[in-house]
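Every chain is numbered from 1 and lettered A, B, ... according to where its sequence line falls, protein lines coming before strand lines. The structure displayed is predicted, hence computed values, not measured ones.
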Amino acid sequence: MKFKTELVEQITKLSNVKDIEHLLDVNPPKGDFALPCFKFTKEFKCNPKQAADKLVGLLELPPFISKIETAGPYVNFYVDTQAMVQEVYAINESYGSSDLGNNTTVVMDYCAVNVGKPFGIGHLRSTVIGSCLDKVYEKLGYTVIAENYLGDWGTQYGKLLVAYDMYGDADKLTKDPIKHLYEIYTKFHQNETPEMLEKARATFKQLENGNKELLARMNEFRQFTMSEAVRICQDLNAEFDSYNGEAFYQPFANDAVKFVQSKTHTEISDGALIVPMEPAPLMLLKSNGATTYHSRDLATARYRIKEYNADKLLYIVGNPQSLHFEQLFETLSRCNIDEKMFEHVKFGLLSLPDGKISTRKGNLIFLDDVFKRASQKILDIINEKNPQLPNKENAAYKIAVGAIIFADLKTDRIKDVVFDWDTVLNFEGETGPYLMYTHARACSILRSVEHVPAVFEHASVLEHALSKHLLSFPETLVQTHNHNKPHILAQYTIKLAQLFNEYYVNAKVDGVEEQGIRYMMVQKSQEVLKQCLTLLGMHTPTEM
RNA sequence: GGGCCCGUGGCCUAGUCUGGAUAUGGCGACAGCCUUCUAAGCUGUAGGUCGAGGGUUCAAAUCCCUCCGGGCCCGCCA
């Protein structure tokens, strides 16, 4: 915010105290900005309270400061409401955009669906976090390449192929492919014997050796999986530039192994080729010579840097894989690739009230079912509150998706989440529907009230907090980007909605003297709210 | 045995990076507010040893150490 920047500049001039920008409290108990003066005592040779008084005397006040006062060791600054409202007036559809990214290219790896497995609520986290960061980075001037790194290689696909041989049904496969594959895969695990496992390994080996029949079948499974993923991701407003997965990168794996061998020390351990490191070595090749998850990831990283000209790679993958990525990044670093290029954007585990989710156990919750139940409940609410709303089913679905996305993005991604239907089906308070409803309310005013020019002299205390918050949107985006944490934006959006609703009930727009300025505040609030929702991957209904 | 993460009112949660004034909101509970732009809203009340102990500091939810509780991970799955 320009007010903060200018104030920091003025304060910085007065002493050698460093980093005033961080010292300045932007959300103090009194005023708009507050400066604690403890750090000035040495230079000013006095106590903190006297330092505060001295600073007030020395400071050349910028014109937008309407009041300044000391409170013990603090200096409190009050920003003139009218000055802020004038800044708000300048908000437009490119508000918050910047060239921070300077067109550097970031490859984001998220969603990562597995062939033959349904899109469960577990994949949701990666997808919504990744998609939000994708959009925020784009807005900040980065070129983002989103890759849905398909899980389609490894022994588990030997299992899937064997399972299909044993339990597969062509009719069921055409009717509901993903459910059927999931069924037979679960059945395989329930009945698994050492012989079956051996057969799965052998089958995968044949797949690796290029068995045409098996490859064709895998390809068929892959197509089914992808079309389902594309459909769900579309609903979630997540778009991918590539669906290259493990099978795609597999052919580059041996080259990657040679590359690592040429750059850094490797060892043979129990017949496997490893890069030794603490606390655990990274395995490049299994004792039978087969490539590993790690060698494919090394190949993938090299490919992305070379073919996509990536300057940065973000892996939006769950917490449990932390060690995997530490090992991967350490190895790349030993190969003289700058470690700073890589970041594991990790997130907490999603579990059910009765424990872990596992494809093998078959207790997965299908995302479609969550959408369905949430839509139904929202449809009931619409029928009760606004039965004449056009296209109700469609509206309910979009609101439901927004509710589910927001529930996930609202809290720090690092925290584990226990899936709970009551929470998911609550649409009041800090929820997606609350935000969308707030947006619809704003749109409703803009539709029904006449637009008249804003008179800045009508600015009052009512506009103060809302204006200040609107003006901190650009910093919020930068912070969201700095930490790769969508909840920073989500929390900002909640606060915006709260302030707007407060404004809504206290500042009537239609037919009052202040109509112009209030209409403008509603318009700008709606604009920023719309941007927030869009960046979070949610819809922006104009009525609901 | 080793490593990583989390712990904030009954429940969920912001703030921890970068120490600063009476710790942020929500759910649930209770009490109010629709003849006026959408009540999926707004206002108020009750509810807190910020897991525990020690240390650093003028100042600790925030930094350091120890411990406790929970989760996750530690080569031939990915």
Side-chain angles (χ1 to χ4, degrees), chain A residues 19 21-23 25 27-30 34-39 41 47-48 71-74 76 112 114 151-157 159 246 269-274 278-288 290 292-294 296-297 318-324 326-327 346 348-349 351 356 378 381-382 384-386 399 403 410-412 414-418 420 422-423 426-438 440-449 482-483 487-488 490-491 494-495 497-498 501-502 504-512 515 518-519 522 543-544:
Chain A
D19 216 9
E21 193 183 343
H22 283 125
L23 200 57
D25 184 355
N27 207 1
K30 287 186 150 200
L35 185 70
C37 299
F38 305 93
K39 297 219 160 80
T41 53
N47 67 39
Y74 296 89
N76 295 324
N114 293 312
D152 56 1
W153 201 254
T155 310
Q156 53 179 318
Y157 298 101
K159 290 181 185 178
E246 298 181 286
S269 163
D270 292 336
L273 183 69
I274 61 157
E278 289 305 323
L282 174 147
M283 194 194 296
L284 289 167
L285 293 174
K286 299 178 190 176
S287 53
N288 67 1
T292 63
Y293 181 28
H294 264 132
R296 281 190 289 281
D297 263 6
N319 247 342
Q321 301 206 46
S322 294
L323 179 60
H324 168 80
E326 278 166 37
Q327 293 171 318
K346 55 189 100 172
L349 208 65
S351 60
K356 259 198 198 180
I378 287 169
I381 296 173
I382 292 173
E384 184 198 327
K385 295 182 192 272
N386 194 3
I399 295 165
K410 181 175 96 158
T411 58
D412 196 333
I414 203 69
K415 298 216 178 197
D416 288 343
V417 178
V418 178
D420 171 55
D422 287 344
T423 309
N426 172 41
F427 306 127
E428 287 169 18
E430 295 172 341
T431 65
Y434 169 67
L435 303 179
M436 291 184 274
Y437 174 75
T438 305
R441 268 184 140 182
C443 290
S444 171
I445 293 181
L446 300 178
R447 269 195 306 270
S448 56
V449 177
N482 286 348
H483 298 269
H487 85 278
I488 296 173
Q491 292 290 333
I494 291 174
K495 181 86 180 162
Q498 286 170 339
N501 280 315
E502 202 183 319
Y504 181 95
V505 297
N506 290 316
K508 195 188 169 201
V509 182
D510 197 16
V512 297
Q515 183 165 334
R518 291 184 179 176
Y519 188 96
V522 172
E543 55 181 325
M544 65 185 265

- base_contact_polar (B:G75 base, A:Ser269 side chain, donor-acceptor, <3.5 Å): yes
- Query: Pick one for B:C34: is it syn, with its angle within 90° of 0, or anti?
  - Reply: syn
- Query: What's the closest nucleotide to the A:Glu430 side chain, out of B:U13, B:G26, B:C76?
  - Reply: B:G26
- Message: Can you say whether a donor on the side chain of A:Thr423 sits under 3.5 Å from an acceptor on the base of B:C12, or the other way round?
- Response: no
- Which of the following nucleotides, B:A40, B:U13, B:C42, is nearest to the side chain of A:Met544? B:A40
At a cut-off of 3.5 Å, list every protein nitrogen or oxygen paired with a nitrogen or oxygen from nucleotides 69-74 of chain B, distance to 0.1 Å.
from, atom 1, to, atom 2, distance (Å)
B:G71, O2', A:Asp416, OD2, 3.2

- Syn/anti state of B:G75 by chi, 90° boundary around 0: syn
Could you list all N or O pairs between the protein and nucleotides 17-23 of chain B that sit under 3.5 Å apart?
from, atom 1, to, atom 2, distance (Å)
B:C17, N3, A:His483, NE2, 3.4
B:U18, N3, A:His22, NE2, 3.3
B:G20, O2', A:Tyr74, OH, 2.8
B:A21, O4', A:Tyr74, OH, 3.3
B:A21, N6, A:Asn76, OD1, 2.6
B:A21, N1, A:Asn76, OD1, 3.1
B:A21, N1, A:Asn76, ND2, 3.3

- Task: With heavy atoms under 4.0 Å as the rule, sort A:Ala507 into base, sugar-phosphate or nothing.
- Result: base
- Spacing of A:Met436 atom CE and A:Met544 atom CE [to the nearest 0.5 Å]: 6.0 Å
- Message: Distance check, rounded to the nearest 0.5 Å: A:Glu543 atom CD versus A:Arg441 atom CZ?
- Response: 15.0 Å
- Task: Give the C-alpha distance, both sets of side-chain angles, the deciding distance and a yes or no for side chain to side chain contact (heavy atoms under 4.5 Å, CB included) between A:Arg518 and A:Val449.
- Result: CA-CA 11 Å; A:Arg518 291 184 179 176; A:Val449 177; over 6 Å; no
- Which dot-bracket string describes RNA chain B (Watson-Crick N1-N3 plus N6-O4 or O6-N4, or G-U N1-O2 and O6-N3, all under 3.5 Å; [ ] crossing; | other strand)? (((((((..(((.......[....))).(((((.......))))).....(((((..]....))))))))))))....
- Message: Heavy atoms from C-beta onward define the side chain here; which of B:G15, B:C6, B:A40 lies closest to that of A:Phe427?
- Response: B:A40
- Could you verify whether a donor N or O on one side chain and an acceptor N or O on the other, from A:Tyr74 and A:Asp25, lie under 3.5 Å apart? no
